[in-house]
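Here the structure is laid out as structure tokens; the discussion comes afterwards.
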Amino acid sequence: CQMTMFPLLVFLMVNATLKHGINASSCDAFVSFGIILNSVVGKPLRAREMGQAAELISAKPESARMRSRITVGVQGFINPSTSLLKDTIAPLLEGFEIGMKL
């Protein structure tokens with residue numbers, strides 16, 4: 001897959017979630033969309049909203065296996081643009097611990 005296809009695939013995943021409801025790829029879609037908004041479009045506050053949506057979805061018990069990956073995306077790539085870097089360390093450690101338990 002070419003890198004130019006990545007944003008298109010992310011937009012299609014987000015669109016499918018909005019059209020058909022939450023599925024297994026929804027968390028990844030929202031985090032990836034947030035990363036694109038943050039790093040490419042330059043809208044860190046909108047990106048943070050996408051990250052929060054992904055965290056809400058991953059908080060469901062059936063989404064526990066995605067929580068570690070979502071934490072890395074949100075705390076590692078989205079939130080440092082809108083908050084202090086030191087504020088991302090504790091959530092990143094928590095995500096690491098969740099990932100090690102699985």
Salt bridge (Lys or Arg N to Asp or Glu O under 4.0 Å): pairs with one or both residues in residues 20-41, sequence neighbours excluded | Asp28-Arg69
So Phe30 and Ile70, side chain to side chain contact (heavy atoms under 4.5 Å, CB included) or not? Walk me through it.
-> CA-CA 9 Å; Phe30 283 112; Ile70 299 309; over 6 Å; no
Which atom of Ala29 lies closest to which atom of Val10, heavy atoms considered = O-CG1, 3.7 Å
Heavy-atom donor-acceptor pair, Asn38 side chain to Phe77 backbone, under 3.5 Å = yes
Give the intermediate values and the outcome of side chain to side chain donor-acceptor pair (under 3.5 Å) for residues Thr82 and Arg48.
-> CA-CA 8 Å; Thr82 58; Arg48 190 173 182 120; 2.5 Å; yes
Are the side chain of Ser26 and the backbone of Asn23 linked by a donor-acceptor contact shorter than 3.5 Å?
-> yes
Under 3.5 Å, which donor-acceptor pairs link side chains of residues 84-102 to any protein atom two or more places apart or in another chain?
from	atom 1	to	atom 2	distance (Å)
Thr88	OG1	Leu85	O	2.6

Does the pair Ile22 and Lys60 meet the rule for a side chain to side chain contact (heavy atoms under 4.5 Å, CB included), with working shown?
-> CA-CA 11 Å; Ile22 295 170; Lys60 293 183 174 193; 4.1 Å; yes
Any sub-3.5 Å donor-acceptor pair from Ser83's side-chain atoms to Pro80's backbone N or O?
-> no
With the side chain counted from C-beta on, respond yes when Ser32 and Phe6 share a heavy-atom pair under 4.5 Å apart, and no when they do not.
-> yes
How far apart are the closest heavy atoms of Gly34 and Ala47, and which atoms are they?
-> O-CB, 3.1 Å
Go through the steps to decide whether Met50 and Ile78 satisfy the test side chain to side chain contact (heavy atoms under 4.5 Å, CB included), and finish with yes or no.
-> CA-CA 9 Å; Met50 294 300 113; Ile78 296 173; 5.6 Å; no
